[in-house]
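Here is the structure we will look at, set down as structure tokens.
Residue numbers begin at 1 in each chain, while the letters A, B, ... track the order of the sequences.
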Amino acid sequence: MLDIKYIRENPDKVKKGIAAKNEKDRVDNVLQLDEERRDIIGQVEELKAKRNKVSSQIPQMKKSGEDTTTVLAEMKEVSDKISEFDKKQRDVEEQLNDILMYIPNLPHDSVPVGKTVEENVVVREWLPEGFSFENDKKFLDHIELGKKLNILDFERGAKISGSGFPVYMAKGATLERALINFMLDFHLNEHNYTEVLPPFLVNSESMKGTGQLPKMAEDMYYIEKDDLYAIPTAEVPITNLHRKEILSENELPKSYVAYSACFRREAGSYGKEAKGFLRVHQFNKVELVKFVKPETSYDELENIVSDAEDILKALKIPYRILLLCTGDLSFSAAKSYDIETWSPAENKWLEASSCSNFEDFQARRANIKFRREKEKKPEFIHTLNGSGLATSRLMVSLLENYQTREGTIEVPEVLQKYTNFNRIY
RNA sequence: GGAGAGAUGGCAGAGUGGUUGAAUGCGGCGGUCUUGAAAACCGUUAAGGAUGCAAGUCCUUCCGGGGUUCGAAUCCCUGUCUCUCCGCCA
């Protein structure tokens, strides 16, 4: 959520930012409701001040035997007026809030302006030693590999749940578990994150806090009976860990790493892009979340990206970093980098991570603040997160890049102590 | 699922219709004392909003929402959460 004061004072900047993100501009509507709201507050507070003043005098009047009937009658009228204004105020604030919740975060100045993914900027590329895009090897794709080696079963997943719910079998399941454990341990030991294992179902207030609701309601699994949503990413429960809290300066930055299953309805997407692991309804992800002081958040964004990159370097999987243009930026983000890993069978890059700075957008929605040493007023913190990383897309690149000419899989060296085998055949 | 109890400031814990945003204790912060520390003593210690250059003034908030009343932390209704007992169950 944007600061209403900021919108009031910089309507043109806000409009420009919204336009760059291809979102609907309702700034004028906000400004009008804001004015209405402040007008009502002025009137109702005047009445309340009167009520408080007179109410405190009544006991004294009674004590000294004065007749209070006129005053009581008069105050009754004041009270009725107050309820009237209170109701009006609630209505206006509800309308205002509803619209505010649909206004996206503004892009940071360093974000390139652009409409589509075509305008994202490649920042850097990393290739393992000896890697070449030119290769005479005939690559099987991950689906063929999964079937041949009996480690992935998409058909049975479809039988028990529906399409997009893959089953990991045998060494495939072990490899997946190894990957998760490796990533958790790595961030824990090498990057100093604190591990959290959160609930996978959260309430709607949490979803509003991170910005999934109200806009993304259709993309999430919802359990009506209990009014709970399946998390699309661990970002949601982890960021909401500190909802409605005031943190102290010396505990920042807070860095969390969390494994979770992620659930996405992916409504409206189908076709070639959806095959195998490329688009699934449930996948595993290790997520990085940071709570930081505002002045450090852009440095911390670079840190998160580099923390995620370290995993790929350790796994020796080719990747590149994209700086997203304004049009490709998500609703809550001010600046994002995507990390894409190379898929030799698809012959293209696959998004395996997205790292974002939300500045105070989520903090304002979720009411997460901190207090500086010696300062009185709490300030909103900045939140960031990044996948570090999602296993599904990563698994595609891993299986394909590590396949041998015989169609078996070498287990990456850093995973071997987790798998206790070094080859899948 | 059934029965009961409860939710107050950073924490503990008073408060059952009228200067109670809230006693008291602990903790935190500042000070006196001390070579330093402790103890003791004194002071201070919530968040949000409206208005204003500011100082300030005013409003809201005692789990959330609604109601009664001139006036609600206190009474009524409702929701959520926590605890105890019973049942069921991994």
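- Donor-acceptor pairing under 3.5 Å, judged by distance alone, is present between the side chain of A:E45 and the base of B:G49.
- With rounding to whole Å, A:E249 atom CD is found 19 Å from B:G28 atom P.
- Atoms CZ (A:R37) and P (B:C59) sit 17 Å apart, rounded to a whole Å.
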> Which dot-bracket notation, 5' to 3', represents the base pairing of RNA chain B when pairs are defined as Watson-Crick or G-U with both distances under 3.5 Å, crossing pairs as [ ], and inter-strand pairs as |?
Replying inline: ((((((((.[[[..)..(.....]]]((((((.......))))))((((((....)))))).[[[[[..)....]]]]])))))))....
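- Side chains of A:E300 and A:N303: a donor-acceptor N/O pair is present below 3.5 angstrom, by distance only.
- Under 3.5 Å, the side chains of A:N284 and A:E176 contain a donor-acceptor pair of N or O atoms.
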Under 3.5 Å between N/O atoms: give me all the protein pairs with nucleotides 44-47 of chain B, atom names plus distance.
from: B:A47; atom 1: OP1; to: A:R371; atom 2: NH1; distance (Å): 2.5

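- The side-chain tip of A:K171 points at the ring of A:Y425 from less than 6.0 angstrom away and within 45° of straight on.
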> What string of B, S and - do you get for nucleotides 62-79 of chain B, 5' to 3', if B is base contact, S is sugar-phosphate-only contact and - is no contact with any protein heavy atom under 4.0 Å?
Replying inline: ----S---BS--------
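- Rounded to an integer number of Å, the gap from A:K48 NZ to B:U57 C1' is 17 Å.
- The side-chain tip of A:K254 does not point at the ring of A:F291 from less than 6.0 angstrom away and within 45° of straight on.
- By the neighbour-count criterion of 12 heavy atoms within 6.0 Å, atom CD of A:E218 is sparsely surrounded, having that number or fewer from other residues, nucleotides or ligands.
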